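The structure appears below as structure tokens.
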Amino acid sequence: MILSSFSYLKLTISGSKLQKEQKKSLTSFIKNWFMKSFTFFFLFLITLPILAQQQQKKTNVLFIIADDLTATAISSYGNPASQTPHIDKLASEGVKFTRTYSQFPVCGPSRASMMSGYYPHATGTFGYVSGRENIGPDRKMWPQLFRENGYYTARVSKIFHMGVPGDIEKGSNGTDDEASWTERFNSQGPEWTAEGESELVQGNPFGLKPKKGGNVMTIVKADGDDLVHADGKTAAKASELIRKHKDKPFFLAVGFVRPHVPFVAPKSYFQPYPYQQVVLPPKVENDWDDIPLQGINYVTSVNGQMSVEQEKKAVAAYYAAVSYLDEQVGKVLQTLEEEGLEDNTIVIFTSDHGFHLGEHRFWMKVSLHEESARVPLIIKVPGKKPAVCHSFTELIDLYPTVAQLAGLEVSEHLQGESLVKMLDNPNHSVRDIAFSVSVYRGVEAFLLRSDKWAYIQYAEDAKDGIELYDMQMDPHQYNNLADFPQYGEVVKDFQQKLKIKIKEVRTNDLGLKYP
Ligand SMILES: [Ca+2]
């Protein structure tokens, strides 16, 4: 019994010792576990925002494109008559490119080239199509690359070709590329049928004809507010999408249709531009005498039977349409700012091609002269300093540039050049010459634009004529030097350069037998 109690005691003693030791080891285990867990938890806590930030750091893309907007109608591009405060603000915050050229100064082929990354002569895309037909199902359009890399991609209104005003009146897709978009939205608008004070200033010599639709200069000083028209709706939808998708990476393409004809805007936008005060480009005597027939644009003051008053009204209405567009651009950029996305979003602003506003008595596009072929281009990248870049750039460069900025790999066959180095150093250059083409009355035209020269050739064998302008001495292109013997060598040199360029463009992975 004693023994047993001793034993019990001993057992108890040793049991308590054991318990103590167990307790000690348990305490140290808990301590250890707690310390480890705490360290882990602490590390987790401090890493969390970094991880979240990294997730969030995937850069968004806001691509804004106007339709038929010439650089000469933007205040910050040197036109004191026009009022474009929102585009000007963006230009002051980003890199403003002063010598960017459209690949084809007509909506359809310009956009097909820009979105696919191939020149028109590589794909044979010269019409009102998306360009998908000619690159096949396996090559990726610019937004499609982002879509396939985890981005939400959306189109609001006209990015690939849409007929203006036709497709806008109907609210239809135009010749879109469906594979590019997660979602797409059209902005229907009344266009030339909008209520208000209207006037047709082309093909209306006696002023007796009413307004009409189609590709003509109809002006409407419209009743109602911004939201009556397609571009107002586009800005509202774009703002809605920015708010809705701000937490995940997005590629938002916002396509405005002004200042494309018809020149329709709420009437308040016309107030700053009384047509009587418009100063038209000088009418130089015999201006057309040294321009080959192919170089006389398809719409002129002559075939449009436009009086000086109608010319002034057309310019004033174009500026009003530009100011309306500018206001809509401002709304989208303001949403980006309000949502705190400015530090995480690349913003691009451009146009598909330029527009003649009476220079040489030419109107509209197609022409390869400066006002029609050159476009505005602003690229604002978070963290990069504002700058002005005078190096030659082309719309085809946007695809590889923006993909590189977002860290996405592009096909080695893309024909544009990345402009990323220029965003850090505006003196950097990726090409000495910009290249653009056009087709009019079945004849192809080619532009080579160098620092000193603008060389325009009609037909691949030049049978329909050549224009050569000294852009330093004659920036408005009044004196065609091509036929002067002393410029024979310059012409010969450009002919050779053009041959090489066309061959280079046609040498690609598409396997097209063109022409
Ligand atoms: Ca256009």
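Quantities reported herein were computed from a predicted structural model and do not represent experimental measurements. Counting starts at 1 for both ligands and their atoms, in listed order.
Remark: Lys267 is not positioned above the aromatic ring of Phe270, lacking an NZ or CZ atom under 6.0 angstrom from the ring centre and at most 45 degrees off the axis.
For the Ca ion (ligand 1), the nearby protein N/O/S atoms, meaning those under 3.0 Å, are Asp67 OD1, Asp68 OD1, Cys107 SG, Asp352 OD1, Asp352 OD2, His353 NE2.
Aromatic pair Tyr152/Phe251: ring centres not closer than 6.0 Å.
Listed by chain and residue number, nothing satisfies the side chain to side chain donor-acceptor pair (under 3.5 Å) test with Ser351 (two or more places apart in sequence, or in another chain).
Around atom NE2 of His476, no more than 12 heavy atoms belonging to other residues, nucleotides or ligands sit under 6.0 Å away.
When the options His353, His360, His356 are evaluated for a side-chain hydrogen bond (donor to acceptor under 3.5 Å, both in side chains) with Ser367, the one that passes is His356.
The main-chain N or O of Ala321 is never found under 3.5 Å from a side-chain atom of Arg258 such that the two would form a donor-acceptor pair.
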